[in-house]
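Written out below as structure tokens is the structure these notes cover.
Protein chains get the first letters and strands the later ones, always in sequence-line order, with residue 1 at the start of each. This structure is a prediction, so every number in the text was calculated from the model and none was measured.
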Amino acid sequence: MTTEQFIATKASAAVNALYGADIPESRMQVQVTRKEFEGDFTLVVFPLLKISHASPDATGNAIGEWLTSNCPEIEAFNSVKGFLNLSLSNIYWSRLFASIESDARFGELPSTGRRIMVEFSSPNTNKPLHLGHVRNNLLGASVSNLLKAAGNDVIRTTLVNDRGVHICKSMYAWQQRFDGATPASTGKKGDHLVGDCYVEYARMEKEDPSVLDKVHDMLVKWEENDPEVRRLWSMMNEWVFEGFEQTYKALGISFDKTYYEHETYLLGKELVRKGLETGVFVKDPDGSVWCDLTADGLDRKLLLRSDGTSVYMTQDLGTAERRFAEHELDSHVYVVGDEQNYHFQVLKLVLKKLGFDWADQIYHLSYGMVELPEGKMKSREGTVVDADDLIEKMYEEAKSTSEESGKLEGVSEEEKDRLYHMIGLGALKYFILKVDPRKKMLFNPKESIDFNGNTGPFIQYTHARIKSILRKADALGIRPAVSEDAPLSPKEIRLVKLLASYPQKVQEAADAFSPALIANYCYDLAKEFNQYYHDTPILKEENSSILRMRLALIETLANVLVKATGILGMELPDRM
RNA sequence: GGUUCCGUAGCUCAGCUGGAUAGAGCAACAGCCUUCUAAGCUGUGGGUCACGCGUUCGAAUCGCGUCGGAAUCACCA
């Protein structure tokens, strides 16, 4: 039970005793007391005036009196203009702190028994990953962690778009203009080499539009399983996968299951057949198949072309059906940009029309685009921010900042390398995840991602500071320990309050599919600690139970920081 | 044109299930390292929460309208 719930329950009892009214605790409004007022939690009494038939202050005072004389945990109160501020006893906070400190699984919510598949990343194999993909990948990985922390069984998956006309374009350009170049012969990452082919193709088509016919011939041959074309296709895809693998590894991302579109693109045709039988779909005279959604305020949606081939939507319908069946999913989350809102709206609607109840359990985590100061990234204009370049840049930035501070003297080169990567990536991940996924975000390549203020490195630095103190204490043979003999200061109570709210934050964030809420929490916690650190000496404290309590407090704080940033996919260093 | 989303400090963002005087960071300015890591801490300045009307004891938050921006509405994926 959270402290808010505890107070709500007591307040409900107070109202019952004083006014004989039965107000459930869920209707009680309890919030954290604002900094400028005395107290820990505040009961909003306005909604109770109709029952008390008294002024806000009189009502507040009456409830305050009742609570302080009937609940030993509630020590004092003051009533200000309809807000009843309550102070809890030090023993209450000590015990709450002790319960958090001793709980190794603190913040891991009880199992929901639900199995959720999360699809994210889903790249095309004709160009390297860019900043937009980075946001997708980080969000997907983080939301997966979040849902897992909230007690769900999570399957991370990706659908690689490895076939189609765009792949053939790269293949054609390679054949015509690249003279047998390979990643090995050029020293280029495979995904970048294939990306170059794609760019080259665009140039070729501009010179001579008829090359498009050649590309279509190639696609037809691919579909006919032409060995020559298939061999080229496999080889180039292999290059790309190796390149992607490096990028995923650098980002710390992996999948439980990878689907390839060349295996799934024919799925869904059976559904179309059934839909035609049951009259959910209609066939036009030219042979094309449609679903009429005009009654739902949408348009008609194509499901099979007049030549009988399937489209994107057909495939997605079939894939969804197969996944729910194969994995006995309770829910499926798709991490896909908001430009596809319409697609998912239609997908769910069509599945529902086909009679699948689980259609309601599909959630499109629709995130906003990453934009540059001059607008959208455009590959034609060369304004695309490449993922590998960006990761490299972050590493260099971390390296130069670290070298400037000189705090890593005596650390091995190997360890330094690990730290630079951890810090650079931490900065990048936090930068992207701290903003509400649904909103579009701005990235200015000219300004490097900050390492000061509300940033990943700030949180990592906080952790390093705590670890430094704990190392020193350990060297002195002092062990952290919670004890009721060590009263908590107001700042320490604030920290305990924040720590205690962590499980609730995980729940809220999971409900909202928003790692940003976790990022904000991490910042609040780090900020609060740094203020505490600044004016509360720990190792110099003479009272040994207070000293040990403080060590226990910062150790718990470090543990919670590790868990929370872990959801964001960040690692925290012991020194930096 | 239809649908959906967005508009908060110079900039980047919190706050949005209605609650007290709207918060951070960056940038600017002024301080704090013989004291547990200054990637830190403290302070100053900076706001018509796009605009209007409504609901309410109370609106940045909810509703309607206006203005501005974005996405989407392919026999592309």
**Message:** Taking any heavy-atom pair under 4.0 Å as a contact, classify Tyr533(A): base, sugar-phosphate, or nothing.
**Reply:** base
**Prompt:** Could a donor-acceptor pair under 3.5 angstrom be found where the side chain of Asp316(A) meets the base of rA77(B)?
**Reply:** no
**Item:** Phosphate-side-chain proximity, Gln531(A) and rU42(B), N/O vs OP1/OP2 below 4.0 Å
**Value:** yes
**Prompt:** Hey, does Leu517(A) reach any base, or is it just sugar-phosphate, or nothing, if we go heavy atoms under 4.0 Å?
**Reply:** sugar-phosphate
**Prompt:** Just checking Pro47(A): base, sugar-phosphate only, or nothing, at a heavy-atom cut-off of under 4.0 Å?
**Reply:** base
**Aro-ring/base stack Phe37(A)-rA20(B), d under 5.5 Å, angle under 30°** = yes
**Prompt:** Within the side chain of Thr383(A), is there an N or O that forms a donor-acceptor pair under 3.5 Å with the backbone of Lys378(A)?
**Reply:** yes
**Asked** Asp436(A) near the nucleic acid: base, sugar-phosphate alone, or nothing, with a heavy-atom cut-off under 4.0 Å?
**Response** sugar-phosphate
**Request:** Among rA77(B), rU37(B), rC26(B), find the nucleotide with the atom closest to the side chain of Asn161(A).
**Result:** rA77(B)
**Message:** Does rG69(B) have OP1 or OP2 under 4.0 Å away from a side-chain N or O of Lys440(A)?
**Reply:** no
**Item:** Among rG40(B), rA77(B), rC57(B), the one nearest Phe46(A) by side-chain distance
**Value:** rC57(B)
**Asked** Is there a donor-acceptor contact under 3.5 Å linking the side chains of Thr33(A) and Asp40(A)?
**Response** no
**Message:** The side chain of Thr33(A) is closest to which nucleotide in this list: rG19(B), rC36(B), rA20(B)?
**Reply:** rA20(B)
**Request:** Could you please name the option among rG23(B), rC41(B), rA77(B) that lies closest to any side-chain atom of Arg34(A)?
**Result:** rG23(B)
**Fill in**
By the Watson-Crick or G-U definition, both distances under 3.5 Å, rU3(B) is matched with rA71(B)
**Request:** Starting from P on rC13(B), measure out to CG on Leu433(A) and report it in whole angstrom.
**Result:** 14 Å
**Message:** What's Asn85(A) touching, base or sugar-phosphate or nothing? Going by heavy atoms closer than 4.0 Å.
**Reply:** base
**Item:** Tyr523(A) and Phe458(A) aromatic ring geometry - parallel, tilted or perpendicular at 30°/60° bounds
**Value:** tilted
**Message:** Counting the atoms with a prime plus P, OP1 and OP2 as sugar-phosphate, which does Leu442(A) contact under 4.0 Å by heavy atoms, base, sugar-phosphate, or nothing?
**Reply:** sugar-phosphate
**Request:** May I have the distance from Lys35(A) (atom NZ) to rG23(B) (atom P), rounded to whole angstrom?
**Result:** 10 Å
**Item:** Pairwise 5' ranking along RNA chain B for Phe431(A) and Tyr532(A), keeping only the more 5' one
**Value:** Phe431(A)
**Request:** Using the aromatic ring of Phe83(A) (for Trp, its six-membered ring), decide whether it stacks on the base of rG19(B) within the limits of 5.5 Å and 30°.
**Result:** no
**Complete:** Taking a pair to mean Watson-Crick or G-U wobble geometry with both distances below 3.5 Å, rC53(B) pairs with rG63(B)
**Request:** Identify the two heavy atoms, one from Pro457(A) and one from Ile423(A), that lie closest to each other, and give their separation to 0.1 Å.
**Result:** CG-CG2, 4.1 Å
**Message:** Is the phosphate of rA24(B) approached by Asn520(A) (side-chain N or O, under 4.0 Å from OP1 or OP2)?
**Reply:** no
**Prompt:** Would a distance-only check, ignoring hydrogens and angles, find a side-chain to backbone donor-acceptor pair under 3.5 Å from Asn85(A) to Phe37(A)?
**Reply:** no
**Complete:** Side-chain contact check for Val80(A): nearest option of rU42(B), rA20(B), rU37(B) is rA20(B)
**Fill in**
Any strand, both distances under 3.5 Å, Watson-Crick or G-U wobble: rA30(B) pairs with rU42(B)
**Phosphate-side-chain proximity, Lys376(A) and rA70(B), N/O vs OP1/OP2 below 4.0 Å** = no
**Request:** Rounded off to whole Å, could you give me the CG-to-C1' distance for the Asp299(A) and rG2(B) pair?
**Result:** 8 Å
**Item:** Same-atom distance (C1') from rU21(B) to rG47(B), integer angstrom
**Value:** 13 Å
**Message:** Strictly below 4.0 Å: does Arg305(A) bring a side-chain N or O up to OP1 or OP2 of rC76(B)?
**Reply:** yes
**Donor-acceptor side-chain pairing of Asn543(A) and Ser545(A) below 3.5 angstrom** = yes
**Asked** Can you tell me if the side-chain N/O atoms of Ser468(A) get under 4.0 Å from OP1 or OP2 in rC36(B)?
**Response** no
**Request:** For Gln29(A), report the nucleic acid contact type (base, sugar-phosphate, nothing); a contact means any heavy atom under 4.0 Å.
**Result:** base
**Prompt:** With sugar-phosphate meaning primed atoms plus P, OP1 and OP2, does Met441(A) contact a base, only sugar-phosphate, or nothing at under 4.0 Å between heavy atoms?
**Reply:** sugar-phosphate
**Fill in**
Side-chain atoms of Lys540(A) come closest, of rA20(B), rU35(B), rU37(B), to rU35(B)
**Item:** Glycosidic conformation of rC67(B), taking syn as within 90° of 0 and anti otherwise
**Value:** anti
**Asked** Rounded to whole angstroms, how far apart are CD on Glu339(A) and P on rC76(B)?
**Response** 18 Å
**Message:** I'd like to know whether NZ of Lys393(A) has more than 12 heavy-atom contacts from other residues, nucleotides or ligands below 6.0 angstrom.
**Reply:** no
**Request:** For Asp574(A), report the nucleic acid contact type (base, sugar-phosphate, nothing); a contact means any heavy atom under 4.0 Å.
**Result:** base
**Request:** Measure the distance from OH on Tyr342(A) to C1' on rU3(B) and round it to the nearest whole Å.
**Result:** 9 Å
**Request:** Send over the distance from Ile459(A) CD1 to rG25(B) P, rounded to a whole Å.
**Result:** 13 Å
**Message:** Counting the atoms with a prime plus P, OP1 and OP2 as sugar-phosphate, which does Ser448(A) contact under 4.0 Å by heavy atoms, base, sugar-phosphate, or nothing?
**Reply:** nothing
**Request:** Side chain of Lys527(A) only, please: which of rA24(B), rU4(B), rC36(B) is the nearest?
**Result:** rA24(B)
**Prompt:** Which atom pair, heavy atoms only, marks the closest approach of Ile167(A) to Trp233(A)?
**Reply:** CG2-CD1, 3.9 Å
**Message:** Between Ser79(A) and Asn61(A), is the side chain to side chain donor-acceptor pair (under 3.5 Å) condition met? List the steps.
**Reply:** CA-CA 6 Å; Ser79(A) 177; Asn61(A) 282 320; 4.5 Å; no
**Any-strand Watson-Crick or G-U partner of rU37(B), both distances under 3.5 Å** = none
**Request:** Determine the contact category for Lys439(A): base if any of its heavy atoms lies under 4.0 Å from a base atom, sugar-phosphate if only primed atoms, P, OP1 or OP2 are that close, otherwise nothing.
**Result:** base
**Fill in**
To the nearest angstrom, the CD-P distance between Gln340(A) and rU72(B) comes to 9 Å
**Asked** Of all the choices, rA20(B), rA77(B), rU37(B), which nucleotide is nearest to the side chain of Arg465(A) once you look at every atom?
**Response** rU37(B)
**Message:** Is it the case that the base of rA20(B) and the side chain of Thr42(A) share a donor-acceptor contact (distance under 3.5 Å, atom types as modelled)?
**Reply:** yes
**Request:** Could you work out the separation of rC49(B) and rA59(B) based on their P atoms and round it to a whole Å?
**Result:** 13 Å
**Request:** Find the partner of rG58(B): check Watson-Crick (N1-N3 plus N6-O4 or O6-N4) and G-U wobble (N1-O2, O6-N3) distances, both under 3.5 Å, and reply none if neither fits.
**Result:** none
**Request:** Could you work out the separation of rG52(B) and rA9(B) based on their P atoms and round it to a whole Å?
**Result:** 16 Å
**Asked** Any sub-3.5 Å donor-acceptor pair from Ser468(A)'s side-chain atoms to Ala464(A)'s backbone N or O?
**Response** no
**Asked** Want to settle it: does Gln31(A) or Pro457(A) sit nearer the 5' end of RNA chain B, counting the closest nucleotide to each?
**Response** Gln31(A)
**Request:** In whole angstrom, give the distance that lies between atom CG of Asp338(A) and atom P of rA70(B).
**Result:** 13 Å
**Request:** Scan Ser402(A) against the nucleic acid and name what it touches under 4.0 Å (heavy atoms): base, sugar-phosphate only, or nothing.
**Result:** base
**Request:** Please state whether the phosphate of rC36(B), meaning OP1 or OP2, lies under 4.0 angstrom from any side-chain nitrogen or oxygen of Arg550(A).
**Result:** no
**Prompt:** Is Arg575(A) touching bases, backbone alone, or none of the nucleic acid, heavy atoms closer than 4.0 Å?
**Reply:** base
